[in-house]
Novice: 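Take this structure, written in structure tokens, and hold onto it; I'll ask about it next.
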Amino acid sequence: MDAPSPPKRARVATPAAPPNFTLRFTLEGHKKSISSLTFSPNGKQLASASADRPIHLHSLPSFNLIRTLNSHTAGVSHIAFSADSAFLASASDDKTVRIWDLEGAGAGAAGADHDSEEQSEGSIRVLRGHLSAVFCVAWNPRGDLVASGSMDETVRLWDVQKDAGVDEVPPERTPQPEVVASEAPTSATEGDEESSHPAP
């Protein structure tokens, strides 16, 4: 008869080192109070927004300022990356939502060393329709809808593939499944001109 196997010893997990909460970086450059910060889902960028209007993009892990997104005409309240990190949406006191292409032509204009050169560029789409300052913005997981909330007490849903507002959700009603277009006037512009072309 075989000898019984010795009992297995329980493995004791080595506790992870606790964080030391040491300040690693201080990022400067904005001229007014910071309103929104967000890391890109792919972990490559940190975006910051402020009442001074420009949006700053910092490259990770260096945290160097590599791009300045500058089209809003009033302070920016909130920013959000799309799930694939290819686009950024911004909400502003100028009553607009703007879409920024982070992987288009402007993304490569700085050459191979993106950490060494800052770029300033405009948005690829301007979504108009809110009647007051826009406070918040969010992407759906598929990246084809953007939701925005405003001081005008509405939530607006934007089809960013077709550049149109697909629904307006005022506080006094619940949207019905069959509603596919907003009754309120909405429009989207590319730069400052009307555009009916789909987003890239």
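If you read the sequence from its start, that first residue is 1, and numbering goes on from there.
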Novice: Is a side-chain N or O of Ser59 found less than 3.5 angstrom from the main chain of Ile66, in a donor-acceptor match?
Specialist: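 No: the side chain of Ser59 does not pair with the backbone of Ile66.
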
Novice: From Ile79 CD1 over to Cys136 SG, what is the distance, rounded to the nearest 0.5 angstrom?
Specialist: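 Between atom CD1 of Ile79 and atom SG of Cys136 there are 13.5 Å.
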
Novice: side-chain hydrogen bond (donor to acceptor under 3.5 Å, both in side chains) for Asp94 and Ser92? Distances and angles first, verdict last.
Specialist: CA-CA 5 Å; Asp94 64 12; Ser92 171; 3.1 Å; yes

Novice: Applying ring-ring contact (aromatic ring centres under 6.0 Å, His included), which residue pairs with at least one partner in residues 31-51 are found, sequence neighbours left out?
Specialist: none

Novice: For Phe135, which fellow cluster members are found when Ile, Leu, Val, Met, Phe, Trp and Tyr are connected by side-chain heavy-atom distances below 4.5 angstrom, either directly or through intermediates?
Specialist: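 Traced through the cluster, Phe135 reaches Met151.
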
Novice: Less than 4.5 Å apart, any side-chain heavy atom of Gln45 and any of Leu102?
Specialist: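 Side-chain contact under 4.5 Å: yes.
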
Novice: According to salt bridge (Lys or Arg N to Asp or Glu O under 4.0 Å), does anything in residues 137-148 pair up with another residue at least two apart or in another chain? List the pairs.
Specialist: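 As it turns out, the salt bridge (Lys or Arg N to Asp or Glu O under 4.0 Å) pairs with a partner in residues 137-148, which skip direct neighbours, are Arg142-Asp144.
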
Novice: Does Ser71 offer a backbone N or O that forms a donor-acceptor pair with the side chain of Ser123 under 3.5 Å?
Specialist: no

Novice: Of the non-hydrogen atoms in His58 and Ser48, which two are nearest, and what is the gap between them?
Specialist: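 Taking His58 first and Ser48 second, the nearest heavy atoms are NE2-OG, 4.1 Å.
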
Novice: What are the two closest heavy atoms between Ala133 and Ser150, and how far apart are they?
Specialist: O-OG, 2.8 Å

Novice: Keeping the roles fixed (side chain from Thr38, backbone from Ala47), state whether a donor-acceptor pair exists under 3.5 Å.
Specialist: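 No; zero donor-acceptor contacts below 3.5 Å.
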
Novice: Test of understanding: with ring-ring contact (aromatic ring centres under 6.0 Å, His included), list the residues that count as partners of Phe25, not counting sequence neighbours.
Specialist: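 Here the qualifying residues are Phe63.
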
Novice: Atom CD1 of Ile55 and atom CG of Leu69: how far apart are they, to the nearest 0.5 Å?
Specialist: 5.5 Å

Novice: Once you round to the nearest 0.5 Å, how far does NE2 of His130 lie from OG of Ser148?
Specialist: 2.5 Å

Novice: With distance as the sole test, does Arg125 use its side chain to make a donor-acceptor pair with the main-chain N or O of Val160 at under 3.5 Å?
Specialist: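 Absent.
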
Novice: What pairs of residues pass the salt bridge (Lys or Arg N to Asp or Glu O under 4.0 Å) test when at least one of them lies in residues 55-66, not counting sequence neighbours?
Specialist: none

Novice: When rounded to the nearest 0.5 angstrom, what is the spacing between CG in Leu57 and CZ in Arg67?
Specialist: 6.0 Å

Novice: Taking all non-hydrogen atoms of both residues, which atom of Ser50 and which atom of Ser35 are closest, and how far apart?
Specialist: N-OG, 3.6 Å

Novice: Measure the CG-OG distance between Leu145 and Ser82 for me, rounded to the nearest 0.5 Å.
Specialist: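 OG of Ser82 is found 13.0 Å from CG of Leu145.
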
Novice: On the 0 to 90° scale, with breaks at 30° and 60°, tag the Trp139-Phe87 ring pair as parallel, tilted or perpendicular.
Specialist: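 Plane angle between 30° and 60°, so tilted.
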
Novice: For the side-chain hydrogen bond (donor to acceptor under 3.5 Å, both in side chains) test, which of His72, Arg98, Arg53 pairs with Ser90?
Specialist: His72

Novice: Residues two or more places apart in sequence or in another chain: which of them pass side-chain contact (heavy atoms from CB on, under 4.5 Å) with Ala51?
Specialist: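 By the side-chain contact (heavy atoms from CB on, under 4.5 Å) rule, Ala51 matches Lys32, Ser33.
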
Novice: To the closest 0.5 Å, what do you measure between CG (Asn64) and CG (Leu27)?
Specialist: 9.5 Å

